[in-house]
> 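Structure in structure tokens, see below.
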Number of protein chains: 2
Amino acid sequence: MIAPRCTTPGGPSVDWRRPPVGTVYHRSMEPGPLVAAMDSAGYRLTEPRRAVAELIAAREGHFTAADLLDDAKARRLGIGRATIFRSLDLLTELNVLERLDLPSGEHAYVPCGPVHHHHLVCSNCGRVTDVDDQGLASALEAIEHRTGWQVETHRLELYGRCPRCRTRRPS
Amino acid sequence: MIAPRCTTPGGPSVDWRRPPVGTVYHRSMEPGPLVAAMDSAGYRLTEPRRAVAELIAAREGHFTAADLLDDAKARRLGIGRATIFRSLDLLTELNVLERLDLPSGEHAYVPCGPVHHHHLVCSNCGRVTDVDDQGLASALEAIEHRTGWQVETHRLELYGRCPRCRTRRPS
DNA sequence: TTGTCTGCAAAGCGTTTGCATTTCG
DNA sequence: CGAAATGCAAACGCTTTGCAGACAA
């Protein structure tokens, strides 16, 4: 009952800081694909599951179970805590969400992108941007040659200052 | 009261699987550097702290707080749970240990290597090897140019099959 | 109708904290 | 001696689970 999509094992673990309000993240999501994934995998399309899909779609980028719980509470939806966790587990298993392990012990979730890419995380404002693979592939091939390992997947996270924060003083 | 050594932010988060008994890990550690780090940073060299340093030195590669607690119990040392956590926090802050966020919500710790490097994790047997930076630096520079970001640090984890497991059938 | 799913509340688990006591320097 | 560190146990925060009732197919 599971269809593959993401390739990143475990997912990145970010030195987490909540982004300031108004931060623009990449890769938000329509509810459709989430619902479709559950449907086509043979899971029941229940009201709570549709609601969770909506809540996720309404978010931009990363979110935690607690975020969705708050959203649900704010919208006065009667979704239970357990249901939210179970839906997130399901969507992760279906590979439409990627689960990140935060230092706090929490988990965050990101909609899976269609192609392999990496994250560029601003250490000042928390903004996250996707970066593609260019140039990295050959470095990886070199590593395969040197070590004799067969590299199947990899994860790269970059930390630094985004263009906007570069021009400012350190926070 | 803190001296820098590791540069990896947050530390890698591995799709964790306990290695089979007998797995050889790299980078174990003498107790000396751990004790020295605390000493030179001005912290008291107490009996429990020395004991924790010994326990860490007796381990190879990754370990969790629970591992150390078990070790301490096995050796009938009267070290409290809180003390172990506090010592690990301290050593992490002193940058002689690196803290990893496991999917379970636990934290694992690895002795910090002297130079920047990456991990090559075998998806079959769990073996971990260090890889150096060769070839990657230029790829990162290219990314800086393309994106306008100023990359400060990065983290790369590679997953694949080690030479030994390559020759075997998939597990 | 039937097996899946939900909500609730309680339990689990790793980690942290408050506080009285001990220990290093 | 006095500040820092310890040990204990209770508290914490996030996540999971057991179970009776609800619901999609």
Side-chain angles (χ1 to χ4, degrees), chain A residues 1-2 13 16 18 34-53 55 62-70 72-73 75-94 97 99-109, chain B residues 1-2 10-11 13 16 18 34-35 37-53 55 62-73 75-94 97 99-109:
Chain A
M1 272 245 190
I2 287 161
S13 162
W16 201 253
R18 281 311 170 84
L34 298 166
V35 174
M38 295 190 281
D39 189 23
S40 68
Y43 291 93
R44 289 189 180 170
L45 266 40
T46 64
E47 207 42 62
R49 280 179 180 161
R50 290 177 193 278
V52 169
L55 292 179
H62 318 69
F63 58 87
T64 64
D67 290 333
L68 294 194
L69 265 162
D70 290 346
K73 212 164 289 178
R75 296 198 191 183
R76 308 218 187 305
L77 306 173
I79 312 178
R81 193 193 354 268
T83 300
I84 293 203
F85 277 99
R86 286 189 279 232
S87 299
L88 290 173
D89 282 354
L90 175 57
L91 291 168
T92 302
E93 196 121 341
L94 293 174
L97 291 184
R99 196 170 96 155
L100 320 186
D101 310 313
L102 307 185
S104 67
E106 278 179 290
H107 298 298
Y109 298 83
Chain B
M1 270 246 189
I2 286 161
S13 161
W16 201 252
R18 279 311 169 84
L34 297 167
V35 174
M38 295 190 280
D39 190 24
S40 68
Y43 291 94
R44 288 188 181 172
L45 266 41
T46 63
E47 208 41 63
R49 280 180 178 161
R50 288 177 194 278
V52 169
L55 292 179
H62 317 70
F63 58 88
T64 64
D67 291 332
L68 293 193
L69 266 162
D70 291 345
D71 293 352
K73 213 164 287 178
R75 296 196 191 183
R76 308 220 187 304
L77 306 172
I79 311 178
R81 196 197 349 270
T83 300
I84 294 204
F85 278 97
R86 285 189 279 232
S87 299
L88 289 173
D89 282 354
L90 175 58
L91 291 168
T92 302
E93 196 122 339
L94 293 174
L97 291 183
R99 198 169 95 155
L100 320 186
D101 309 313
L102 307 185
S104 66
E106 279 179 290
H107 299 298
Y109 298 84

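In the text below, chain A, chain B and the rest are named by the order of the sequence lines, each starting its count at 1.
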> I would like to know whether B:Val35 and B:Arg49 meet side-chain contact (heavy atoms from CB on, under 4.5 Å); could you show each step before the answer?
CA-CA 8 Å; B:Val35 174; B:Arg49 280 180 178 161; over 6 Å; no

> Specify the separation, in whole Å, of atom NZ of B:Lys73 and atom C1' of D:dG7.
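In whole Å, D:dG7 C1' and B:Lys73 NZ are 13 Å from each other.
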
> Quick one: which protein N/O atoms are closer than 3.5 Å to N/O atoms of nucleotides 22-25 of chain D? Pair and distance per line, please.
from   : atom 1 : to      : atom 2 : distance (Å)
D:dA24 : N3     : A:Arg44 : NH1    : 3.3
D:dA25 : OP1    : A:Leu45 : N      : 3.3

> If we only count heavy atoms from C-beta on, is the A:Leu100 to A:His107 side-chain gap below 4.5 Å?
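The answer is no; the side chains never approach within 4.5 Å.
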
> Just so I know, are the side chains of A:Leu91 and A:Met38 near enough to count as touching, which here means a heavy-atom distance under 4.5 Å?
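SC-SC contact between A:Leu91 and A:Met38 confirmed.
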
> State the CG-CZ distance between A:Asp101 and A:Arg99, to the nearest 0.5 angstrom.
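If we round to the nearest 0.5 Å, A:Asp101:CG and A:Arg99:CZ are 6.0 Å apart.
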
> Let's go through B:Leu34 and B:Arg50 carefully: what are the C-alpha distance in whole Å and the side-chain angles of both, what is the deciding distance for side-chain contact (heavy atoms from CB on, under 4.5 Å) to 0.1 Å, and is it a yes or a no?
CA-CA 9 Å; B:Leu34 297 167; B:Arg50 288 177 194 278; over 6 Å; no

> Please write out each protein N/O paired with an N/O of nucleotides 10-18 of chain D under 3.5 Å, distance rounded to 0.1 Å.
from   : atom 1 : to       : atom 2 : distance (Å)
D:dT15 : OP1    : A:His107 : N      : 2.9

> What range of DNA chain C does chain A touch, first nucleotide to last, counting atoms under 4.0 Å from its heavy atoms?
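Answer, 5' to 3': C:dG3 to C:dC8.
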
> Distance from A:Tyr43 atom OH to A:Glu93 atom CD, nearest 0.5 Å?
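The CD atom of A:Glu93 is 6.5 Å from OH of A:Tyr43, to the nearest 0.5 Å.
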
> Are A:Leu88 and A:Phe63 packed together at the side-chain level, in the sense that at least one heavy-atom pair is separated by less than 4.5 angstrom?
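Of all side-chain heavy-atom pairs linking A:Phe63 with A:Leu88, at least one is under 4.5 Å.
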
> Looking only at the side chains, is there a donor atom on one of A:Asp89 and A:Thr92 sitting less than 3.5 Å from an acceptor on the other?
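There is no such pair (donor and acceptor under 3.5 Å, judged by atom type) between the side chains of A:Asp89 and A:Thr92.
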
> Given side-chain contact (heavy atoms from CB on, under 4.5 Å), test B:Thr64 with B:Leu69 step by step and report yes or no.
CA-CA 9 Å; B:Thr64 64; B:Leu69 266 162; over 6 Å; no

> What's the spacing between B:Thr83 OG1 and B:Glu47 CD if we round to 0.5 Å?
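B:Thr83 atom OG1 to B:Glu47 atom CD measures 12.5 Å (nearest 0.5 Å).
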
